[in-house]
Amino acid sequence: MAHVDVILPSGEIQRLEAGLSLAELLRQIHADLEGRVVAGRLDGKPVDLSTVPPAGARVELVLMDSPEGLFILRHSTAHLMAAAVQELYPEAKFAIGPPVEDGFYYDIDLPRPLPAEDLPVIEARMRALQADRLPFVRVEMPVEEALRLMETRGETYKVEILEAIRRYGTSRPDTVEELKGEAETGGMVSFYQSRSFLDLCRGPHVPDTSFLRAFKLTHIAGAYWRGSEQNPMLTRIYGTAFPTEEALEQHLYRLEEARRRDHRRLGRELGLFSIEEEIGPGLVLWHPKGALVREVIEAFWRKEHRRRGYQLVYTPHVARAHLWDVSGHLSWYQDNMFSGMEVEGQEYLVRPMNCPFHILIYRSHTRSYRDLPFRLGELGTVYRYERSGVLHGLLRVRGFTQDDAHIFCRPEQLESEVADVLELALAMLRAFGFPEHHLVLSVSDPAQMTKYAGSEEEWQRAESALERVLEKSGFAFDRVEGEAAFYGPKIDISLVDVLGRQWQCGTIQIDFNMPERFDLSYIGEDGRSHRPLMVHRALLGSLERFFGILIEHYGGAFPFWLAPVQVAILPVAERHEPYAQHVAGRLDTAGVRVQIDDRNEKVGYRIRQAEVTKVPYIVVVGDREVEGSLASVRERGRRERGTMPVDTLLDELRDLLHPPMTGPAL
RNA sequence: GCCGGCGUAGCUCAGUGGUAGAGCAGCUGAUUCGUAAUCAGCAGGUCAGGAGUUCAACCCUCCUCGCCGGCUCCA
């Protein structure tokens, strides 16, 4: 009998009867893994387990709980869902159904809207199919034949995809450039069939539906075909799948946890902020407690910036249209600006950015090279017209305050300035409890240089400067083409919160365009006039968004230095109030934000109130404490500490009052 | 902006083609209390706004506004 030799990941050579599939190989060498392996790889290329390996192939198995295996699992579940949808709604037309970060979706064109109540119906049908242990059968055919097949079935979206494949060799013509080398060849495409459902798909898939043990459909949303507003809106059904029920449960619990931390809910419950319909969407009211947190953030921010050579300024919120014309905002940014107002025959516009004002401060004097770098900072409130559908609590608003600064510098100072900003940004994030970050270098799209202001050569220079800083920093970063601002390339800084979610906050943007537009100059050592470079930067991004992120990160339980109320003092009975006042006075003098709760309620009730409002320290004072100048201390989260002298408590709290800022000693 | 869903008291939510209810929060009173909810009473709503159908609309229809989930966009 003929044999073939294949190479296992260990490097071992395995002799295999010719014509046996990977599934059979698995049974021979790893019977214990059966049911946990969803696919294989031949020479690194993912394939179905039903594939018969050729002689000499490097063979690997893909486990269900590996990231790749999970993707395959979810992809197959998307197919299962589509099969169920097709049975329930025979008129449905299918677009695409890929696995994503937390699960999968399928975009489907349905003749009528899908009510949310239908999700359990679809899910039930999926379970029925799952129980039938339907195999995922791979069918290969030439593109032309596939086109005819999809046309007869009325699958117009699949036809469109196939036409793209026929023309470009890939289903995504927008990526044709980067895929040039690896585009499918041979004019063959593959389908996967489970019962009557046949779907164009590269694969691989799990062998049969019995592998799909734990899944759930989560929600429905609209999505444009190919993501473009010009195209029809499809119904997108989201779901998720995991190797085990337990893992699925855990995921659903995490979703629940995210809901529990929702800053919109906590913001209302904790009296931090509100957004009122009468004022308008995306416009935030900071209530006293939220404002207190903001004050602490701002004070810390100002101190750090002064310490690092920034000069802080205040500038107006509106300016004559002419200014925005000179700055280029009217040509590049008008879609995002509130419409103007007329005053004394002059058009004024509300500012969407702070830069022109800082530029005019720079330009108000003749500047010498000795003045550079010239760093102007401002917690500057701006207004941007955001389309109504994108607004979201504090995370996406129309009026917000940027922790903005503009650095005017000589070209040779650029790199060290950018490096300093990056260092400051990361240090501040750490102080707020975000040790993890993610950096993205956004550069121009060489194919569409008309989108950008300035010369190609300037762009080149700025982009390589940013790249060098990032490389020297030693931090990992992604490089994305086409994401630059209209005036220059940038580094975007995202933080990672306690649930592992990434939020973009900081940004460092190089600008050689504005200095030119405003004809900025400085007198160099040579006595001649030179053009400075400009760096726009924000570290927290906007105070609104950052506050929203903070609320969710901490679930409303802010660390001591940020908490709006740091200590609640509860006198047991009315006669203890003078002593409560005395303790409060001492804490207050030390700079602690303290509140006495002398309401006519039992101690248990008031402790509960302090706990649910996330006050970090609770101090109960009764006869015993009055007697010995003591405080009965309780920390947020059920820890009862017992009594201690007020002096001891004060010492402890004093250490907690300041942000944990670590950085270069200046 | 687009697709879908939603909008009843400050909050969470019941409710029916025949002029609206609970819990919590609020207020008042009693209670003076020792580590996560003391008891009683009171008050609170143009049922998002507008138009229409109807003898009668919170309920049915249309429009507007807002919110939610996504898409597109983004700090």
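Protein chains get the first letters and strands the later ones, always in sequence-line order, with residue 1 at the start of each.
Contacts of A:E635 with the nucleic acid, taken as non-hydrogen atoms under 4.0 Å apart, are absent. Within 4.0 Å (heavy atoms only), A:D623 reaches at least one base atom of the nucleic acid. Among the protein residues, A:E386 comes within range of the nucleic acid bases, having at least one heavy atom under 4.0 Å from a base atom. Nucleic acid contact class of A:R398 (heavy atoms, under 4.0 Å, all strands): none. Across all strands shown, A:Y238 has heavy atoms under 4.0 Å from sugar-phosphate atoms exclusively, and none from any base. Using a 4.0 Å heavy-atom cutoff across all strands shown, A:V382 reaches no nucleic acid atom at all. Among the atoms of the strands shown, only primed sugar atoms or phosphate atoms (P, OP1, OP2) are found under 4.0 Å from some heavy atom of A:G604.
Taking atom C1' in both B:G34 and B:U28, the straight-line distance is 27 Å, to the nearest Å. Distance noted for atom P between B:G7 and B:G49: 13 Å (whole Å). Of the P atoms belonging to B:G50 and B:C3, the separation is 26 Å, rounded to the nearest Å. B:A14 and B:C33 have their C1' atoms separated by 36 Å, given to the nearest Å.
A donor N or O paired with an acceptor N or O is not found under 3.5 Å between the base of B:G70 and the side-chain atoms of A:Y224.
For A:A221, counting side-chain heavy atoms from C-beta on, the closest listed nucleotide (B:G69, B:G1, B:G34) is B:G69. Minimum atom distance to the side chain of A:H392 is reached by B:G69, of the listed B:A75, B:A36, B:G69. Of all nucleotides listed (B:U35, B:G70, B:A75), B:G70 comes nearest to the side chain of A:H219. You'll find that the side chain of A:E640 is closest to B:U35, out of B:U38, B:A75, B:U35. Considering only side-chain atoms of A:R608, the nucleotide from B:A37, B:G1, B:U38 that sits closest is B:A37. Comparing B:U38, B:A75, B:C33 by their nearest atom to the side chain of A:V572 picks out B:C33. Among B:A36, B:C2, B:U35, the nucleotide with an atom closest to any side-chain atom of A:M233 is B:C2.
Between the side chain of A:D403 and the backbone N or O of A:L379 there is no donor-acceptor pair closer than 3.5 Å.
Considering only residues two or more places apart in sequence or on other chains, A:E627 meets the salt bridge (Lys or Arg N to Asp or Glu O under 4.0 Å) condition with none of them. Listed by chain and number, the residues in a side-chain contact (heavy atoms from CB on, under 4.5 Å) with A:L285 are A:S274, A:E276, A:I279, A:H287 (sequence neighbours excluded). A search for side-chain contact (heavy atoms from CB on, under 4.5 Å) contacts involving A:F477 returns A:L439, A:L441, A:E467, A:L470, A:E471, not counting sequence neighbours.
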Report all interatomic pairs (protein N or O, nucleotide N or O of nucleotides 25-30 of chain B) with separations under 3.5 Å.
from  : atom 1 : to     : atom 2 : distance (Å)
B:A25 : OP1    : A:Y605 : OH     : 3.4

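A salt bridge links A:E611 to A:R634: one of the charged nitrogens lies within less than 4.0 Å of a carboxylate oxygen. A salt bridge between A:E256 and A:R259 is present, with a side-chain N of the basic residue lying under 4.0 Å from a carboxylate O of the acidic one. With salt bridges taken as basic N to acidic carboxylate O contacts below 4.0 Å, one links A:R641 and A:E635. Residues A:E298 and A:R294 are paired through a salt bridge, judged by an N-O separation under 4.0 Å between the basic side chain and the carboxylate.
Taking the ring axis of A:Y105 as reference, the NZ or CZ atom of A:R236 stays within 45° of it and closer than 6.0 Å to the ring centre. The cationic group of A:R384 does not satisfy the cation-pi geometry with A:F338, failing either the under 6.0 Å distance to the six-membered ring centre or the 45° limit from the ring axis.
For A:H406 and A:D511, the side-chain atoms include no donor-acceptor pair closer than 3.5 Å. For the residue pair A:S444/A:E463, the side-chain donor-acceptor check at 3.5 Å is satisfied. Counted by atom type alone, A:N354 and A:Q402 present one or more donor-acceptor pairs between their side chains at under 3.5 Å.
Distances shorter than 4.0 Å separate none of the side-chain N or O atoms of A:T507 from OP1 or OP2 on B:A75. Taking side-chain N and O atoms only, A:Q402 has no distance below 4.0 Å to OP1 or OP2 of B:A75. Put simply, A:R575 has no side-chain N or O that comes within less than 4.0 Å of OP1 or OP2 on B:G34. The phosphate of B:G34 (OP1 or OP2) has no side-chain N or O of A:H576 nearer than 4.0 angstrom. The phosphate of B:A37 has neither OP1 nor OP2 within less than 4.0 Å of any side-chain N or O from A:R606.
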Next item on the list: Determine, for nucleotides 4-10 of chain B in 5'-to-3' order, which nucleotides have protein heavy atoms under 4.0 Å from the base (write B), from only the sugar-phosphate (write S), or from neither (write -).
Entry: S------
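Distance A:R387 CZ to B:U72 C1': 6 Å, rounded to the nearest Å. Note: CD1 (A:I237) to P (B:C3) measures 18 Å, nearest angstrom. Computed from coordinates, the A:L119 CG to B:G69 C1' distance equals 12 Å when rounded to whole Å. Rounded to a whole Å, the CD1 atom of A:I607 is 8 Å from the C1' atom of B:G34. Distance A:D109 CG to B:C71 C1': 15 Å, rounded to the nearest Å. Rounded to whole Å, the distance from CD1 on A:I108 to C1' on B:C3 is 14 Å.
Aromatic ring centres of A:W332 and A:Y487: separated by at least 6.0 Å.
In terms of position along RNA chain B, the nucleotide closest to A:I275 lies nearer the 5' end than the nucleotide closest to the other residue of the pair A:I275 and A:R236. Each of A:R634 and A:P281 lies near RNA chain B, and the nucleotide nearest A:R634 is the one positioned closer to the 5' end.
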Notebook entry, point to check: Which dot-bracket string fits RNA chain B when only Watson-Crick or G-U wobble pairs with both atom distances under 3.5 Å count, crossing pairs get [ ], and | stands for a partner on a different strand?
Noted result: (((((((..((((....[..)))).(((((.......))))).....(((((..]....))))))))))))....
Note to self: Go through it in stages, so that I can follow the logic: the residues are A:R226 and A:E160, the test is salt bridge (Lys or Arg N to Asp or Glu O under 4.0 Å), and I'd like the CA-CA distance, side-chain angles, deciding distance and then a yes or no.
What the structure shows: CA-CA 11 Å; A:R226 289 191 184 282; A:E160 224 180 283; 3.5 Å; yes
